[in-house]
Amino acid sequence: MDNQLFDYSPIVEREPLHWPGGARVAFYVGLNVEHYQVDRPSTSIFADTRTLSPDPLNYGWRDYGPRVGVWRLIDSLDRHGLRASVMLNSDVAAHYPQIIEAGLERDWVWAAHGRNNSILQADMTESEERAYLTEVIGTIERATGRRPRGWLGPALTETFRTPELLAELGLRYVLDWANDDQPYRLRVPGMLSVPYSIEINDVQMFVGKSLSGPDFLQIVKDQLD
C-alpha cells in the first residue's frame, strides 16, 4: 500500500514560514508523562529480564520518571520560565494526579499520548480504535479541564485510520510522523503533522547511545541552531 496520508513536499520548494511577532523560529518543549503496566514488557535498559513478570530492574527504571525525574524537570522548567507541552498518557490521571496538578498550576499544554505506554495502537479494528481514542481523550479532558488538540501515539504507533478518527474527535495535529522540520498538512481535512524530534529523544540518546549529559546538551543546542 502506497502512502495515502500525505504528499511529498521537498522543503526547498516551500514558501518561507512567517511566525507571529517576526519570530525566527518556533519550538516546543515536549515533556512525555507516561504510565507503564507492571506486568508487560516495554522500553528496557537490560534486555535479559524484559520478558519477566514482574521485571523490577526495567520497570523500576521506567517508574523513576513519575516518582523523581519529572519533578527535577519541573524545577528546571520553572527556573528558565519555560512552558511544557505534555504528551500525556490518560492513565496518569488515575496513577499520578499530582503531576497533572503541577501542570495545571503552570498552564501546561496537553496533548494526548494514548492510555499508557504498554499498550501500542497498531492492529486495532476501526471500532476498537474509535472507542479507545474516545476514552483516552475524554479522560484527559476531564482530568485537565481542556480537550487536547494534539496526539502522539504510544511509541509513535498509529493505524492508517488514526488521523481521520482524531479529526472526528476534534483534534488538529499528530506528532507521530517524524519526517520533517516544519508542520505540514495531511490529506485528512484540518489535520496537521507537527515535527517530533525522535532522533534527539532522551531514550535514543541515553539508552541507545549512552551519551553524557553535556553531550546531550550540545546536541540539543545544535538541533535548535
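- Residues meeting the ring pair (Phe, Tyr, Trp, His ring centres under 6.0 Å) test with His113, sequence neighbours left out: none.
- Within a 6.0 Å radius of CZ in Arg14, other residues, nucleotides and ligands contribute more than 12 heavy atoms.
- A distance-only check finds no donor-acceptor pair linking the side chain of Glu101 to the backbone of Gln98 [under 3.5 Å].
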Can you give each donor-acceptor pair under 3.5 Å made by side-chain atoms of residues 39-46, sequence neighbours left out, with the distance rounded to 0.1 Å?
from: Ser42; atom 1: OG; to: Asn117; atom 2: O; distance (Å): 3.3
from: Ser44; atom 1: OG; to: Ser42; atom 2: O; distance (Å): 2.7

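- Without hydrogens or angle criteria, Thr139 side chain to Ser90 main chain gives no donor-acceptor distance under 3.5 Å.
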Arg50 vs Asp55, salt bridge (Lys or Arg N to Asp or Glu O under 4.0 Å): CA-CA, chis, key distance, verdict: CA-CA 6 Å; Arg50 70 182 305 272; Asp55 175 15; over 6 Å; no

List the atom pairs, with distances to 0.1 Å, where a side-chain N or O of residues 166-175 and a protein N or O form a donor-acceptor pair under 3.5 Å, not counting sequence neighbours.
from: Glu168; atom 1: OE1; to: Arg130; atom 2: NH2; distance (Å): 3.4

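- Counting heavy-atom neighbours within 6.0 Å of Asp181 CG, excluding the residue itself, gives a total of 12 or less.
- Remark: the Asn58 side chain and the Tyr36 side chain contain no N/O donor-acceptor pair separated by less than 3.5 Å.
- Counting only N and O atoms by type, the side chains of Thr162 and Glu129 include a donor and acceptor under 3.5 Å apart.
- For Glu141, the CD atom sits in a packed shell: over 12 heavy atoms of surrounding residues, nucleotides or ligands are nearer than 6.0 Å.
- Between Gln182 and Asp180, the side chains place no donor N or O within less than 3.5 Å of an acceptor N or O (distance only, hydrogens not considered).
- Residue Asn3 places its CG atom among more than 12 non-hydrogen atoms of other residues, nucleotides or ligands, all under 6.0 Å distant.
- For the pair Trp177 (side chain) and Leu156 (backbone), a donor-acceptor distance under 3.5 Å is absent.
- The aromatic rings of His95 and His35 lie parallel to each other, their planes meeting at an angle below 30°, with 60° marking the opposite boundary.
- Within 6.0 Å of the CZ atom in Arg161, the count of heavy atoms belonging to other residues, nucleotides or ligands exceeds 12.
- With Ser212 contributing its side chain and Asp215 its backbone, the two residues share a donor-acceptor pair below 3.5 Å.
- The environment of CG in Asp225 is crowded: more than 12 heavy-atom neighbours from other residues, nucleotides or ligands sit within 6.0 Å.
- Within 6.0 Å of atom CZ in Arg106, more than 12 heavy atoms from other residues, nucleotides or ligands are found, so the atom counts as buried in its surroundings.
- For the pair Asp63 (side chain) and Pro66 (backbone), a donor-acceptor distance under 3.5 Å is absent.
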